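Working notes, structure below.
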Amino acid sequence: MAGRNDPQGTNRDIRGDFRAEIREFLGTRRARVTPEQAGLPLYGGERRRVTGLRREEVALLAGISSEYYTRLERGNATGVSESVIEGIAQALQLDEAERIHLLDLLRGAGTSRPPRRRPAQQRVRPTVQRVLDSMAGTPAFILSGRGDILAANHLGRALFSPVYADPARPPNNARFVFLSPHATEFFRHWDEVANDTVAMLRAEAGRDLYDRRLTDLIGELSTRSEEFRRRWAAHNVRMHTTGVKLLHHPVVGDLDLPFETFPLPDGPSQFLLTYTPEPHSPTQDALNLLASWAATNDDVERPASADDSHPADSAETPD
């Protein structure tokens, strides 16, 4: 991860971090594909030292030399062609999210730009907030790629009231999932949510290893949560744009909430998240009850704004 050799981010070739990420990502992808799954004959029997593919087997499947693949897995990404990337993706049976992640890492390994300063606080345009507020019967949020809740409507704040209970601003889903004692009760399938959360953070990190707020968050979670560390080491990435979230709200009980996410053009890695229950379902009735509760509860009235940032995020300092 960023800063593994130089926590101050000075006087170093930043490509080294991307190269390490490439090595670890491709190594974990090789380990999960057996020769049988790849359609290769199994040689060596019990003498085989790896359960997954060897480097030379990946090279064979990708149609490149073993030496070339070994250099690539070590992070030498100079001049890698689209056809080579596609061959490796097919050999390792990468899905679309993993393929994009590999491209991001290869792109990062080919740059020598200096580490960036702390990015400016992400903002949500007033017109976008009005769109959220107009969705009165639908919990709706604007999230950043690292899981910050940048904006929400009234029902969204009521739905995520346990997340908003953390005084840090903006509220952060990943911090809630791994550090709050209430997360395993709020998310009925906590393991699945935890896996998805780490996979999305891993994909976001691949896009920019030098986002200061992202690396600070990953460092905090790695330090404080064994569950996070174990999942982070797996190098899984995932697109998580639609599905059903199973929640247990402390006021209205169980909720089965289909969700959709939509990317926004307003800033780096911002997207709209909506929860839309089935009409006339018990979840719809529970959301109606939640809306009534929220109308008389002042604690959910105050939106998360960019000006409510955590003190640690308030100053712009070099990476």
Side-chain angles (χ1 to χ4, degrees), residues 1-2 4 12-44 48-116 145 195-196 198-211 214 232-242 261 263 265 268-269 271:
M1 195 58 213
R4 68 178 76 207
R12 63 188 173 90
D13 182 353
I14 69 169
R15 291 172 293 187
D17 289 331
F18 280 100
R19 288 168 180 163
E21 291 293 316
I22 291 170
R23 180 177 65 251
E24 293 166 11
F25 177 67
L26 290 178
T28 57
R29 300 312 92 176
R30 278 197 298 112
R32 71 178 187 180
V33 181
T34 66
E36 295 92 337
Q37 290 171 328
L40 293 175
L42 181 60
Y43 298 115
R48 188 180 179 91
R49 292 182 297 174
V50 296
T51 57
L53 295 176
R54 298 186 177 106
R55 291 189 182 94
E56 59 267 26
E57 291 169 332
V58 176
L60 175 65
L61 292 166
I64 57 179
S65 72
S66 178
E67 293 78 9
Y68 184 83
Y69 176 77
T70 298
R71 291 199 305 272
L72 178 61
E73 189 172 298
R74 290 173 177 169
N76 186 345
T78 304
V80 183
S81 69
E82 191 72 31
S83 61
V84 167
I85 295 172
E86 186 59 34
I88 292 171
Q90 291 183 11
L92 295 177
Q93 302 179 14
L94 303 185
D95 63 21
E96 184 63 16
E98 291 168 328
R99 184 180 180 279
I100 291 172
H101 184 62
L102 177 58
L103 286 170
D104 288 337
L105 294 177
L106 292 172
R107 189 179 302 114
T111 183
S112 58
R113 64 177 174 80
R116 299 190 318 181
N195 290 337
D196 290 341
V198 174
M200 288 186 289
L201 286 179
R202 176 62 79 176
E204 185 69 11
R207 286 187 279 273
D208 188 354
L209 284 175
Y210 297 93
D211 180 326
L214 178 61
W232 186 255
H235 284 262
N236 292 327
V237 294
R238 190 169 304 157
M239 293 179 179
H240 195 54
T241 58
T242 186
T261 60
S269 300
F271 57 94

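Both backbone and side-chain heavy atoms feed into the values below; hydrogens, waters and symmetry mates do not. In this text the structure is predicted, and so the values were computed from the model without any measurement.
- Between R202 and E21 there is a salt bridge, with a side-chain nitrogen of the basic residue lying less than 4.0 Å from a carboxylate oxygen of the acidic one.
- Evaluation of the side-chain hydrogen bond (donor to acceptor under 3.5 Å, both in side chains) rule for N236 yields R29 as partners, not counting sequence neighbours.
- Panel note: side chain E98, backbone D95; a donor-acceptor pair is recorded below 3.5 Å.
- Here the shortest heavy-atom pairing between M239 and I100 reads CE-CD1, 3.0 Å.
- To the nearest 0.5 angstrom, L72 atom CG is 11.5 Å from R19 atom CZ.
- Between F25 and H235, the ring planes are tilted. Angles from 30° to 60° get that label.
- Between L92 and L102, the closest side-chain pair of non-hydrogen atoms is not below 4.5 Å.
- Between atom CG of residue L106 and atom CG of residue N76 there is a gap of 10.5 Å, rounded to the nearest 0.5 Å.
- Between T261 and T242, every side-chain heavy-atom pair lies at or beyond the 4.5 Å cut-off.
- When all heavy atoms are compared, the tightest approach of V84 to Y68 is CG1-CE2, 3.8 Å.
- The CD1 atom of I22 sits 11.0 Å away from the CG atom of D17 when rounded to the nearest 0.5 Å.
- Between atom CG of residue L103 and atom CG of residue L94 there is a gap of 9.5 Å, rounded to the nearest 0.5 Å.
- Atom CZ of R71 sits about 6.0 Å away from atom OG of S65, to the nearest 0.5 Å.
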Audit row: E67, T70, side chain to side chain contact (heavy atoms under 4.5 Å, CB included) steps and yes/no = CA-CA 5 Å; E67 293 78 9; T70 298; 5.7 Å; no
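- Ion pairing of R74 with E24 is absent here, as no side-chain N (NZ or NE/NH1/NH2) approaches a carboxylate O to less than 4.0 Å.
- Here the closest heavy-atom approach between residue A38 and residue L53 is recorded as CB-CD2, 4.1 Å.
- With contacts defined as side-chain heavy-atom distances shorter than 4.5 Å, the pair L60/L40 qualifies.
- Here the side chain of Q37 pairs no donor or acceptor atom with the backbone of Q93 at under 3.5 angstrom.
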Determine, stepwise, if the pair L61 / I88 fulfils side chain to side chain contact (heavy atoms under 4.5 Å, CB included).
-> CA-CA 8 Å; L61 292 166; I88 292 171; over 6 Å; no
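- Shown here for A91 and A62, the closest heavy-atom pair between the two residues is CB-N, 4.1 Å.
- Residues forming a salt bridge (charged side-chain N to carboxylate O under 4.0 Å, His left out) with E86 (at least two apart in sequence, or on another chain): R99.
- A205 and W232 get closest at one heavy-atom pair: CB-CH2, 4.1 Å.
- In this structure, CZ on F271 lies 6.5 Å from CE on M200, to the nearest 0.5 angstrom.
- With sequence neighbours excluded, the residues forming a side-chain hydrogen bond (donor to acceptor under 3.5 Å, both in side chains) with S83 are S81, listed by chain and number.
- Closest non-hydrogen pair, G52 versus E57, comes out as O-OE1, 4.3 Å.
- With respect to E73 and R30, a salt bridge is recorded, a charged nitrogen being found less than 4.0 Å from a carboxylate O.
- Between D196 and R238, the closest side-chain pair of non-hydrogen atoms falls below 4.5 Å.
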